[in-house]
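Worksheet: the structure to be examined is printed underneath.
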Protein chains: 2
Amino acid sequence: MTFQERNLDATDWQILAELQADGRLSYNQLGKRVNLSPPAVADRVRRLEESGVIAGYRAEVDPARAGQPLSAFVQMRCTTGRCLLKTTRSEDFPEVLEIHKLSGNSCTMLRVRVASMLHLEGLFERLGEHGELNTHVVLSTEFEGRPVQPPASDARPVTRSAGWS
Amino acid sequence: MTFQERNLDATDWQILAELQADGRLSYNQLGKRVNLSPPAVADRVRRLEESGVIAGYRAEVDPARAGQPLSAFVQMRCTTGRCLLKTTRSEDFPEVLEIHKLSGNSCTMLRVRVASMLHLEGLFERLGEHGELNTHVVLSTEFEGRPVQPPASDARPVTRSAGWS
DNA sequence: CCTGAAATCGTCGTTGC
DNA sequence: GCAACGACGATTTCAGG
């Protein structure tokens with residue numbers, strides 16, 4: 001699929017907001033909230049799906065209530081030739097929920113989720129084989145999963161005079 | 001709601017796996033995949049919802065295709081009395097997708113998402129008012145949103161002899 | 001937990017603006 | 001090109017065993 005960025009109007013963003021809040025809204029209810037007929041919203045939603053803006057629909061599982069209350073961030077500075085991304089497959093580390101390549105000193109940023117401190121310790125030991133770790137245990141999460149929102153209309157974030165400050 | 005951790009059997013985990021992959025599965029299709037009748041799976045799903053294991057159903061929006069291709073992690077070391085958590089409301093920073101309180105040196109870990117480098121620069125300047133920043137721009141994301149999976153049956157991650165190594 | 005029937009919803013083709 | 005109307009098919013839900 002070619003990567004074309006669709007032009008989203010206000011109605012599209014309204015639809016995205018509703019479906020990010022409740023992915024199981026019927027086209028009937030969704031149509032009422034955005035002031036469109038059910039077939040009209042169905043058409044728009046289908047276009048959003050086909051263009052990839054809507055990547056899918058997921059049930060959100062509360063990890064704590066599913067028996068995995070501990071999470072952490074792990075910055076990795078991979079040993080040359082032993083980078084986690086190249087020497088292992090994702091199935092070897094089911095506790096790793098996300099892997100991001102970073103700029104800067106750290107090679108990658110990992111997000112992990114485990115059942116207990118014992119699991120976390122064991123995971124850190126296994127990850128340590130692949131490089132230098134910098135771990136941050138999450139004490140609590142203020143919020144996450146905030147919906148993607150339309151960019152601010154005043155697109156210019158700061159006004160500065162030319163030259164160095 | 002009291003925080004009771006439900007006992008999930010193999011069928012529950014199977015249901016959770018399917019609904020995390022596709023949150024819009026009908027009870028008909030879901031029943032076929034887990035070998036249950038539609039009313040039976042509907043009952044199980046309803047119990048999972050009411051117990052909070054299933055926190056909700058969300059449409060997953062691809063931020064890049066929605067015009068916000070840049071993301072970053074921000075570790076904050078809040079200035080005393082100016083902690084971001086206490087002096088601002090979340091609406092003041094719509095670019096912040098997640099806020100986690102951390103152990104260790106950093107006060108909090110933020111996950112941010114913006115439309116351009118100019119936005120990112122402006123956001124960093126605004127966040128800088130609240131404490132010391134340590135920013136990590138994401139170059140690419142290997143994967144994220146991996147589903148919550150059942151804990152491994154061999155719950156003991158490592159075997160070690162007593163005493164210091 | 002499975003089988004049947006009624007109500008609701010999604011889908012499709014058509015028409016009108 | 002987009003939105004509203006109407007009929008068919010599927011799904012959800014409730015009753016009973």
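Remember, predicted model here, so these are calculated numbers, not experimental data. Below, chains carry the letters A, B, ... as their sequence lines are ordered, and counting in each starts from 1.
Checked by atom type and distance alone, the side chain of A:Arg58 never pairs as donor or acceptor with a backbone atom of B:Gly23 at under 3.5 Å. For B:Glu18 (side chain) and B:Leu30 (main-chain N/O), no donor-acceptor pair under 3.5 Å exists by modelled atom type. Of the possible donor and acceptor atoms, none in the side chain of B:Glu95 sits under 3.5 Å from a partner among the backbone N and O of B:Ala115. A side-chain donor-acceptor contact under 3.5 Å links B:Arg65 to the backbone of A:Ser51.
At the heavy-atom level, B:Arg24 lies nowhere under 4.0 Å from the strands shown.
Rounded to whole Å, the distance from CG on B:Asn28 to P on C:dT3 is 12 Å. For B:Asp43 and C:dT3, the CG to P distance is 15 Å, given to the nearest whole Å. Residue B:Arg44 contributes atom CZ, which lies 19 Å from atom C1' of D:dT12 at whole-angstrom precision. Following rounding to the nearest Å, A:Lys32 (NZ) and C:dT8 (C1') show an atom-to-atom distance of 12 Å. One can place CZ of B:Arg47 at 10 Å from C1' of C:dC1, the figure rounded to the nearest angstrom.
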Which atoms of nucleotides 4-8 of chain D (N or O only) lie under 3.5 Å from a protein N or O atom, and what are those distances?
| from | atom 1 | to | atom 2 | distance (Å) |
| --- | --- | --- | --- | --- |
| D:dA4 | OP2 | A:Ser37 | N | 2.8 |
| D:dA4 | OP2 | A:Ser37 | OG | 2.7 |

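Contact between the side-chain N/O atoms of A:Ser26 and the OP1/OP2 oxygens of C:dT8 is not found at any separation under 4.0 Å. Between B:Arg46 and D:dT13 there is no side-chain polar atom (N or O) within less than 4.0 angstrom of OP1 or OP2.
Relative to the six-membered ring of A:Phe73, A:Arg111 meets both conditions, a distance below 6.0 Å and an angle of at most 45° to the axis.
Taking 4.5 Å as the limit, some side-chain heavy atom of A:His136 sits within range of a side-chain heavy atom of A:Gln75.
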